[in-house]
Amino acid sequence: MLPISLTSRRCWCIFSRRMSCRYDRALRGFRGEALRGEPLSRHTSYRIGGPADLYLVPADEDDLRGFLDRTSRGDFPLFILGNGSNLLVHDAGLRGAVVDVRRATRGICRDGEKVWAGAGAELDFLAAWAVEEGLEGLAELSGIPGTVGGALRTNAGAFGRTVSDFLVEVRALTTGGREVRLSRDELGLGYREAKGLKGLVVVSAAFHLKRGDRKALWEKRRKVLQQRSERQPLEYPSAGSTFKRPPGDHPGRLIEEAGCKGMRVGDAMVSPKHANFTVNLGKAKASDVWTLIRRVRERVRERFGVWLELEVELWGFPEGGLYTGGSPRSPGR
Ligand SMILES: Cc1cc2nc3c(=O)[nH]c(=O)nc-3n(C[C@H](O)[C@H](O)[C@H](O)COP(=O)(O)OP(=O)(O)OC[C@H]3O[C@@H](n4cnc5c(N)ncnc54)[C@H](O)[C@@H]3O)c2cc1C
């Protein structure tokens with residue numbers, strides 16, 4: 001009988017070879033960039049995350065559609081990536097393919113008060129562009145470091161505004177590469193969620209933005225950016241707010257009053273500037289951040305009886321299933 005370690009190593013080799021064949025098959029005809037073992041720390045705002053089996057940057061929308069079509073049998077997990085600004089990726093990385101949709105889906109165009117934005121466009125760029133065009137409705141979202149696609153998936157918001165407030169419709173691809181259009185009402189919008197987008201790859205979105213006063217809009221944008229830099233620890237890598245707001249309260253207040261400000265595990269720290277930000281002081285690992293998050297959550301529960309729900313999304317963590325990313329073929333959070 002073979003020793004267990006040898007048996008499991010053999011099983012792993014067979015599994016890896018099988019996955020490799022599947023990847024090769026899916027990449028036939030792919031025109032974009034394909035990297036094997038790409039460290040995801042290069043693509044997340046946390047600067048944390050192990051390697052992805054496959055890291056793909058489709059050349060254009062057709063290339064993305066073709067790839068989805070070829071992988072539609074669900075041969076391996078897919079993770080759709082925008083700017084990686086709401087993610088904590090496991091140190092061991094991810095089995096499956098990470099599809100960076102930014103190159104394939106960028107661009108902004110305007111027809112009167114209707115604006116179409118590609119999912120890969122930066123939300124902050126769109127906000128600045130709308131301000132310059134004298135269009136209202138997005139200035140409050142200035143400084144959110146995500147893409148339009150990521151912002152829609154998470155229904156991102158700030159200063160009393162969400163990205164979906166002036167949304168008209170979303171164009172998306174199914175995991176089989178088929179195009180679908182969803183109206184705002186079909187998105188299942190909630191606080192930091194758009195359930196109707198689960199399992200879809202957003203390609204572009206249309207907004208209806210009313211004309212406003214350009215000078216006043218620039219002033220609003222300036223104030224928003226100033227408040228962000230005053231309140232948030234932008235000097236350190238992070239993924240923004242760690243926890244969602246519990247009903248009627250603020251996680252920042254609860255965390256601070258539970259005495260967690262400045263708490264550390266390795267190079268992961270609860271920011272002394274904004275307690276709901278868990279920052280990377282330089283060499284933090286995903287395991288450090290995760291340990292710290294759990295400690296903070298436990299302390300808040302002990303002190304206030306409130307269980308804080310994560311706003312940051314976990315990719316590749318065993319908690320709640322093998323893959324918890326909001327990708328088309330993963331169970332979602
Ligand atoms: C300093 C800082 C400040 C922040 N401030 C705010 C804030 O004020 N308000 C706020 O809401 N958030 C904030 N965030 C969090 C983050 O920027 C937002 O959640 C953002 O919208 C995520 O967009 P992304 O492109 O980075 O998505 P990613 O982090 O890459 O992905 C997030 C989710 O969206 C999915 N996704 C991405 N692109 C697509 C697509 N094209 N189609 C389908 N699914 C897709 C991913 O699969 C994943 O499930 C902040 C983050 C940081 C680092």
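Both counts, for ligands and for their atoms, begin at 1 and track the order of listing.
- Annotation: His208 is not in aromatic contact with Phe166 [ring centroid separation under 6.0 Å not met].
- Backbone and side-chain nitrogen or oxygen atoms of Gly240 are examined, and none is located within less than 3.5 angstrom of a nitrogen or oxygen of ligand 1.
- Counting heavy atoms under 4.0 Å from ligand 1, residue Trp315 touches it through the side chain alone.
- Around CG of Asp24, the count of heavy atoms belonging to other residues, nucleotides or ligands within 6.0 Å exceeds 12.
- Checking each of Leu54, Val99, Val201 against Leu78 for a side chain to side chain contact (heavy atoms under 4.5 Å, CB included) leaves exactly one that passes, namely Val99.
- Here Ser45 has side-chain heavy atoms under 4.0 Å from ligand 1, and that is the only part of it that gets that close.
- Across the listed options Pro145, Ala158, Ser229, Gly118, Pro145 owns the non-hydrogen atom lying nearest to atom 2 (C) of ligand 1.
- Comparing Lys198, Arg153, Glu313, His274 against atom 49 (O) of ligand 1, the shortest heavy-atom distance belongs to Glu313.
- One finds the CG atom of Asn280 at 12.0 Å from the NZ atom of Lys285 (value rounded to the nearest 0.5 Å).
- An N or O contact shorter than 3.5 Å is missing between Ala119 and ligand 1 by distance.
- In Thr154, the part holding a heavy atom less than 4.0 Å from any atom of ligand 1 is the side chain.
- The closest approach between a heavy atom of Leu141 and any atom of ligand 1 is not below 4.0 Å.
- Annotation: Gln232 places no N or O atom under 3.5 Å from an N or O atom of ligand 1; distance criterion only.
- Under a 4.0 Å criterion applied to the non-hydrogen atoms of Ala156, ligand 1 contributes the atoms 10 (C), 11 (O), 21 (O).
- Residue-to-ligand polar distances place Gly157 within reach of ligand 1: an N/O pair is separated by less than 3.5 Å.
- Of the candidates Ala151, Gly143, Ala121, the one placing a heavy atom closest to atom 21 (O) of ligand 1 is Ala151.
- Both the backbone and the side chain of Ile80 come within 4.0 Å of ligand 1, counting heavy atoms alone.
- By heavy-atom distance, the residue among Ser85, Gly150, Ala104 lying nearest atom 17 (O) of ligand 1 is Ser85.
- Here the shortest heavy-atom pairing between Ala139 and Lys220 reads CB-CD, 4.0 Å.
- Considering backbone and side-chain N/O of Val101, none are found under 3.5 Å from N/O of ligand 1.
- Both tests do not hold together for Arg47 against Tyr236: distance to the six-membered ring centre under 6.0 Å, angle to the ring axis within 45°.
- Looking at Leu234 against ligand 1, only its side chain comes within 4.0 Å, counting heavy atoms.
- Nearest-heavy-atom check against atom 6 (C) of ligand 1 across Glu140, Arg228, Arg192 picks out Arg228.
- Checking Ile255, Val296, Val270 one by one against Asn276, the side chain to side chain contact (heavy atoms under 4.5 Å, CB included) holds for a single residue, Ile255.
- Between Glu311 and ligand 1, no pair of N/O atoms sits closer than 3.5 Å.
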